[in-house]
Amino acid sequence: METEGWLFDVYPWQSTMVLWIYGDDGGMLRLEDPYRHHIYARGRREDLEGLLGFLRKRGFLLGSRWTRKQDFWSGQEVDVLDLEMRDYGHLPGLFRLLAGFEDRITFYNSDIPLAQSYLYEKGLVPTGRCWVEHEDGRVLRIEARCSPWEIEYILPPLRTMEIRIEGNPLLPFGRGNTLVVECEGYRLEIDPQLPSEVPLQINTLLERFDPDVILTEHGDSHIVPSSVRISRREKIPLILDRETGPVHRIPDLRGRSYFSYGRILYHSPAYPLFGRWHIDRTNSFLFGESGLEGIIDLARLSKVPVQRAARTSPGTIITSMQLDRAFSEGILIPWRKGEPEKFKTAWDLLVVDKGGLVFQPPQGIHEDIAEIDFASMYPTIMAVHNISPETVLCACCSNSRVPEAGYNICERREGLVPRTLKPILRRRLMLKEMSKRVGGERGEDYRRRHIALKWILVTSFGYLGYRNARFGRIEAHEAVTAFGREKLLQAKEIGEKRGFRLIHAITDSLWISKDGLTEGEVLALCEEITREAGVRMNLEGIYRWMVFLPSRVKPELSVANRYFGLFEDGEIKARGLAFRRSDMPPMVKEAQLRMLEVLSRAKDVDGYRPKIPEVFEVLLDSVLKLKNGEVEPPELVISKTLSQDPSDYKVDNLTALAAQQLEDVGVRIHPGERVPYVIRDARSRVKEDRVRAVPLMGPEDGYDEEKYTELLLKAAEELLIPFGYDINVLSRWVDFSLKREKAESLDSVYKNIL
DNA sequence: CATTCGCGGGG
DNA sequence: GTGTACGCGAATG
């Protein structure tokens, strides 16, 4: 039989690969492919003979033959033994045994996730079109009928069911929350007070709608594990999968806290489904950034199946793209040693220390400033300067290409990293342009996909310097930042030659100034920099005015990352202000945004000062609402990321106290999870009274009016400090205004304080 | 005052 | 299957 359709999902199951094909007839076809995994071994002939004997005796091996493949580091063709392994169940045990041979034999392609390795080998694309010849549910032949690089593709009409917790997701089922299921306009609320209802209702709904995608909020952390628990307790089977055979679900109950991007993150244990996708939008970084469209685009490009792509980090995606390319080019993939994290040596710190170049801007308010940014600077540098672990410090060339460090870069071979990045850079640019050109839903689709790729590009750089990355090398990382600093300085010099003053610069952005600066001359400058540096320089915008904030620690200095300004098109750009911070309560963010909205009507520096009374007015209004108890508790919720176990805190800060309150009632908060709380009485001697964790909040819990007022005052101070209004002035002014029985016109109040 | 702790950026 | 760090600012004791 022959079928054409979309490859919906792939996973190893028992000893075969299971494929779900969404046929053109609308049916979902389950097929098995008895695919065998190949690994490669290199070493002396007699050692390899020994290995063969060992594997045969243990029954691991289906077959073996000699073949020639390319060594990743040298690019040389080498003789290796191709080993066809028996079945998947044996593999984990096998890899432990192989470690014993490692002093004599080098193994390749041995630690690639099986579904990915299957897709690389067959050239198949998750969610892509395919053609398959099959018999009795088994694949005879399968071929891709699409390229992962297509920009326009049609997806099968996926039926989506949404399941979420209404009420507080931190609390156990039925304690102040319910389960809401929605599908195709149908909505059902399940009351978990009656536990047996949960599996019964879910089963009924899944059978009735047979969704392809189950999109949840807190599905991984709460809904699925709780439902599974109830199902076991009540002895009512819960049928979530389409797979009808025994499903091997490894209940990774603890979840993982891990260190990434300089902070602790938490991933709850994952509950993927077999035969349909479960995506927990609250447990998926990429979903939050780029939606299902972005995830699907990445799954297609990287050949990481959709469910895994949704849960994984961008680093895994980029690695898979590199693995796919290496695989298809016949390059042996080195076994990644899972070295435990080591302490950083002084040398490491020295190297890492010299990252991007950062200047110090002159504080205060400015006019005639343009901001120009290098587009995708680091990935472009990797692509154009051929920076890759195997090309930096290659053995064959001697050219001292890398600025400062003087490392060689290979001129004979293009590296794996640049080969992978180039098409991604092109594709992202194309999607970005299309998202600008096309409006509506399609434009949004392009936008999400280009943002997904943006992430892949950003992280490809970090990955180069990551000690445990398969294709990482610290010298390559170093080379990228060295070129980056060179290009930033080059841009500065070209600008100065054209009469611009450099006001500020961070890594890949420059703020430049000139009296009466025009868009035309800045664009001309960008053109020249693009030509000279080999990296696209874009005009981010021209500011009507912009402010660089002083340091709060040393008020005479400014800080690089706290600034805001108004572009000519009326948009505000701001960094480091309260409203940008995730640890600020909504009330403060909104108040500051309202103040900025007022300031966005100031056309130039002279227009800024007359807007100040109106900003005062917004501030006073917010403070009054706080005083009069007109602020709803959710507006006051602060949530911060827990960086360690609640009991490990040395200092009882508000976050630790809130986490401890939750622990006390049996709600586990893991490092990397956010703890939501309201400040009740920050200065209370009784620590218990300082905060209240959100799920434990009752109507009698008030809030710390003084503390929240202070946050508002600081938010206002950030916007007004260039004109000398610091928190003391603002605070006095607020007190003064509040004391007046009937405030006269704001103008007179304003005069009084000056 | 020293120390501890959390956040940012990209779009 | 784990993207780097460092500087800033606030809070604690």
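Since we're looking at a predicted model, the values are computed, not measured. What's counted below: heavy atoms across the whole structure, side chains too, no hydrogens, waters or symmetry copies. Each chain gets a letter, A, B and so on, in the order its sequence line appears, and its residues count up from 1.
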Is the shortest side-chain N/O distance from A:Thr655 to OP1 or OP2 of B:dC5 below 4.0 Å? no

Check whether more than 12 heavy atoms from other residues, nucleotides or ligands sit under 6.0 Å from atom CD of A:Glu444, and answer yes or no. yes

What is the distance, rounded to the nearest whole Å, between atom CG of A:Leu549 and atom C1' of B:dG8? 15 Å

Distance check needed: B:dG11 P versus A:Arg449 CZ, whole Å only. 19 Å

Any A:Arg580 side-chain N or O less than 4.0 Å from OP1/OP2 of B:dG9: yes

Residue among A:Arg447, A:Arg442, A:Arg448 satisfying salt bridge (charged side-chain N to carboxylate O under 4.0 Å, His left out) with A:Glu293: A:Arg448

Assess whether side-chain hydrogen bond (donor to acceptor under 3.5 Å, both in side chains) is satisfied between A:Thr481 and A:Tyr378, documenting all intermediate values. CA-CA 8 Å; A:Thr481 57; A:Tyr378 285 164; 5.7 Å; no

Candidate nucleotides C:dT2, C:dC8, C:dG3, ranked by approach to the side chain of A:Pro314 - the nearest: C:dG3

Assign A:Ser551 to base, sugar-phosphate, or nothing according to its heavy-atom contacts below 4.0 angstrom with the strands shown. sugar-phosphate

Contacts under 3.5 Å, N or O only, protein and nucleotides 10-13 of chain C:
from: C:dA10; atom 1: OP1; to: A:Arg552; atom 2: NH1; distance (Å): 2.5
from: C:dA11; atom 1: OP1; to: A:Lys707; atom 2: NZ; distance (Å): 2.9
from: C:dG13; atom 1: OP1; to: A:Asp652; atom 2: N; distance (Å): 3.4
from: C:dG13; atom 1: OP1; to: A:Lys687; atom 2: NZ; distance (Å): 3.3

Is the phosphate of B:dG11, meaning OP1 or OP2, less than 4.0 Å from a side-chain N or O of A:Ser290? no

Does any non-hydrogen side-chain atom of A:Gln660 lie less than 4.5 Å from one of A:Asp652? yes

Categorize A:Arg575 for me: base, sugar-phosphate, or nothing, with a 4.0 angstrom heavy-atom threshold over every strand shown. sugar-phosphate

Closest to the A:His450 side chain: B:dG8, C:dG9, B:dG11? B:dG11

Answer whether the closest heavy-atom distance between the side chains of A:Leu577 and A:Gln592 falls below 4.5 Å. yes

Above 12 or not: heavy atoms from other molecules or residues under 6.0 Å from CD of A:Glu556? yes

Starting from P on B:dG9, measure out to CG on A:Leu577 and report it in whole angstrom. 10 Å

What is the distance, rounded to the nearest whole Å, between atom CD of A:Gln644 and atom P of B:dC7? 13 Å

In whole angstroms, how far is the P atom of C:dT2 from the CD1 atom of A:Ile317? 11 Å

Length of the NZ-C1' vector between A:Lys573 and B:dG9, whole Å: 10 Å

I would like to know whether A:Phe471 and A:Phe72 meet ring-ring contact (aromatic ring centres under 6.0 Å, His included); could you show each step before the answer? CA-CA 10 Å; A:Phe471 301 112; A:Phe72 171 70; 5.1 Å; yes

When the P atoms of C:dT2 and B:dG9 are considered, how many whole Å apart are they? 24 Å

Side-chain donor/acceptor of A:Ser313 to base of C:dG3, under 3.5 Å: yes

Determine, for A:Glu706 against A:Arg683, whether the closest basic-nitrogen to carboxylate-oxygen distance falls under 4.0 angstrom. yes

Does B:dC7 have its OP1 or OP2 closer than 4.0 Å to a side-chain nitrogen or oxygen of A:Thr641? yes

Please tell me if A:Tyr378 has a side-chain N or O lying less than 4.0 Å from either OP1 or OP2 of B:dG9. no

When you check the phosphate oxygens OP1 and OP2 of C:dG9, does a side-chain N or O of A:Arg562 lie under 4.0 Å from one of them? yes

Whole angstroms only, please: what is the CZ-C1' distance between A:Phe461 and B:dG9? 13 Å

Could you tell me whether A:Arg674 contacts a base, only the sugar-phosphate backbone, or nothing, with contacts defined as non-hydrogen atoms closer than 4.0 Å? sugar-phosphate

Base, sugar-phosphate or nothing for A:Asn561? Non-hydrogen atoms, less than 4.0 Å. nothing

Whole angstrom value for the distance that separates P of C:dC8 from CD1 of A:Ile721: 17 Å

For A:Ser460, which contact category applies under a 4.0 Å heavy-atom criterion: base, sugar-phosphate, or nothing? nothing

